[in-house]
Amino acid sequence: MDIRVQEAAFDAGAELNAFTNAAQGAGAIVSFSGIVRDVAGGLNTMTIEHYPGMTEKALTDIAKQATDRFDLAHVMVIHRFGDLGPDEQIMMVATASRHRKAAFEGAAFLMDYLKSRAPFWKKEITQTSADWVESKAQDEDALSRW
Amino acid sequence: MDIRVQEAAFDAGAELNAFTNAAQGAGAIVSFSGIVRDVAGGLNTMTIEHYPGMTEKALTDIAKQATDRFDLAHVMVIHRFGDLGPDEQIMMVATASRHRKAAFEGAAFLMDYLKSRAPFWKKEITQTSADWVESKAQDEDALSRW
Amino acid sequence: MDVVYFAWVRERIGLPRETVETQAETVADLVAELRAREARYDAAFEDVSALRVALDQELSDFDAPLKGVREVAFFPPMTGG
Amino acid sequence: MDVVYFAWVRERIGLPRETVETQAETVADLVAELRAREARYDAAFEDVSALRVALDQELSDFDAPLKGVREVAFFPPMTGG
């Protein structure tokens, strides 16, 4: 299990290859990456705030749950905080399993829980506005399928 | 849409980064990679046979269906044929969307159809055996959810 | 007891962290005490259904007892990923 | 008409592709003609439920008519991915 909360940028491709090497024998690898999208008005910066200490605990707990439930061979979660520009990588999860179904479900489970249970908050800053991103009812609803 | 059927190895990490760049504005990227697993008795080679001409048509058709159904911003499918060793990359799909649910479902849909509808056949060769991999009833069943 | 605030709760209250002397038995009691202090607290806690609370870095709820708790955190619903 | 074989069907019949002169109206008729030829064809087509057929590179079925078809392919269920 590889959990990282960091301000620095990361290289998703290099992380995918390192994860695949670390998960030898798994057969099926799924990755999800989240990228900063531009917004109406032109995004200058996305600022990500988090709760140091709780963040690492929450991500570790979610990753353990996913590992047990889907019998994953390996799990990775990387999530950035601080100021990001458009098209920068925000975060990435990866799962490894013998079977594709478990790898897909494990990654989707991680993302659903990470969205609503890990203490990160995003603020979108344009030339004329600075708005906290609101959570979506559908993100909370997504948890009910697990 | 980027569909490749090739004998040559590829670098999954480099492909993920190139795909992410090509899908700017998408926000959510999912990848699946399939890796040659070792087998009891020690795998020497996995030989992948395919049906040139039909393979490209089938993959293009599956990728178009996924794009339309899940409103994907970009889709990639790479699948190798020929002789592969343990831990080599067999194939990779990637999907890009504004939303994580569509990216996940698009990639799972692609994999389910690719498994049972694209004309590839795998043979596992050890020191003492050479067996065609048998299709699984669960792979055909997986299509019924779409 | 340490009380920490994140995102727009932090901005409305105007500070990220403070130490509070309180005898409050539950989170809801603590919220009532804070709201009674000053308008900026009253505004921040106006709609607790729009807020989440963590006790010692575990998600909890507004009915939870505070006995033994060292750190209470208030924040809006998370928007990671 | 070109007839092509893949995977263990190819191995059992012993060749990847051949041109067949036939008046068969359906895939099933063509299979019956091939089985009558030689033991290796009879063995390869023994259980058609274990086989798939494509007509001009589109998946089809054993009841399908052959009129206008240029290429018929027989193979086991696919195992890509």
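Letters A, B, ... are given to chains in the order of the sequence lines, protein chains preceding strands, and every chain is numbered from 1. Just so you know, these numbers come straight off a predicted model, no measurement behind them.
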Discussion item. Report which part of Lys57(B) has an atom under 4.5 Å of a heavy atom belonging to chain D: side chain, backbone, both, or neither.
Written reply: side chain
Worksheet item: Using non-hydrogen atoms only, which part of Arg117(B) is less than 4.5 Å away from chain D: side chain, backbone, both, or neither?
Response: both
Worksheet item: Do the side chain of Glu88(B) and the main chain of Gly85(B) share a donor and acceptor less than 3.5 angstrom apart?
Response: yes
Item to complete: Write out, in numerical order, the residues from residues 29-64 of chain D with a heavy atom short of 4.5 Å from a heavy atom in chain B.
Response: Ala54(D), Asp56(D), Gln57(D), Glu58(D), Leu59(D)
Worksheet item: Are side-chain N/O atoms of Asp83(B) and Thr45(B) paired as donor and acceptor at under 3.5 Å?
Response: no
Discussion item. A side-chain contact here means heavy atoms from C-beta on lying under 4.5 Å apart; do Arg10(D) and Leu15(D) qualify?
Written reply: no
Fill in: Selection from Trp121(B), Phe32(B), Phe81(B) maximising heavy-atom pairs under 4.5 Å formed with chain D
Trp121(B)
Item to complete: For each of Pro77(D), Ala7(D), Pro76(D), Ala73(D), tally heavy-atom pairs with chain B at distances under 4.5 Å, and name the one with the top tally.
Response: Ala7(D)
Discussion item. If the threshold is 4.0 Å, N to carboxylate O, is there a salt bridge linking Asp2(D) and Arg70(D)?
Written reply: no
Worksheet entry | Any donor-acceptor N or O pair under 3.5 Å, side chains Trp146(B), Glu105(B) | no
Worksheet item: Is it the side chain or the backbone of Ile90(B) that comes within 4.5 Å of chain D heavy atoms, both, or neither?
Response: side chain
Item to complete: Would you check if the side chain of Glu18(D) reaches a backbone N or O of Val3(D) as a donor-acceptor pair within less than 3.5 Å?
Response: no
Discussion item. Whether the side chain of Lys122(B) engages the backbone of Gly81(D) through a donor-acceptor N/O pair (distance < 3.5 Å, no angle test) should be reported.
Written reply: yes
Worksheet item: Does any heavy atom of chain D fall under 4.5 Å from the side chain of Met91(B), the backbone, both, or neither of them?
Response: side chain
Worksheet item: Are any side-chain N or O atoms of Ser129(B) and backbone N or O atoms of Asp131(B), one a donor and one an acceptor, separated by less than 3.5 Å?
Response: no
Fill in: Minimum heavy-atom distance between Ala107(B) and Thr95(B), given as atom pair plus value
N-CG2, 3.6 Å
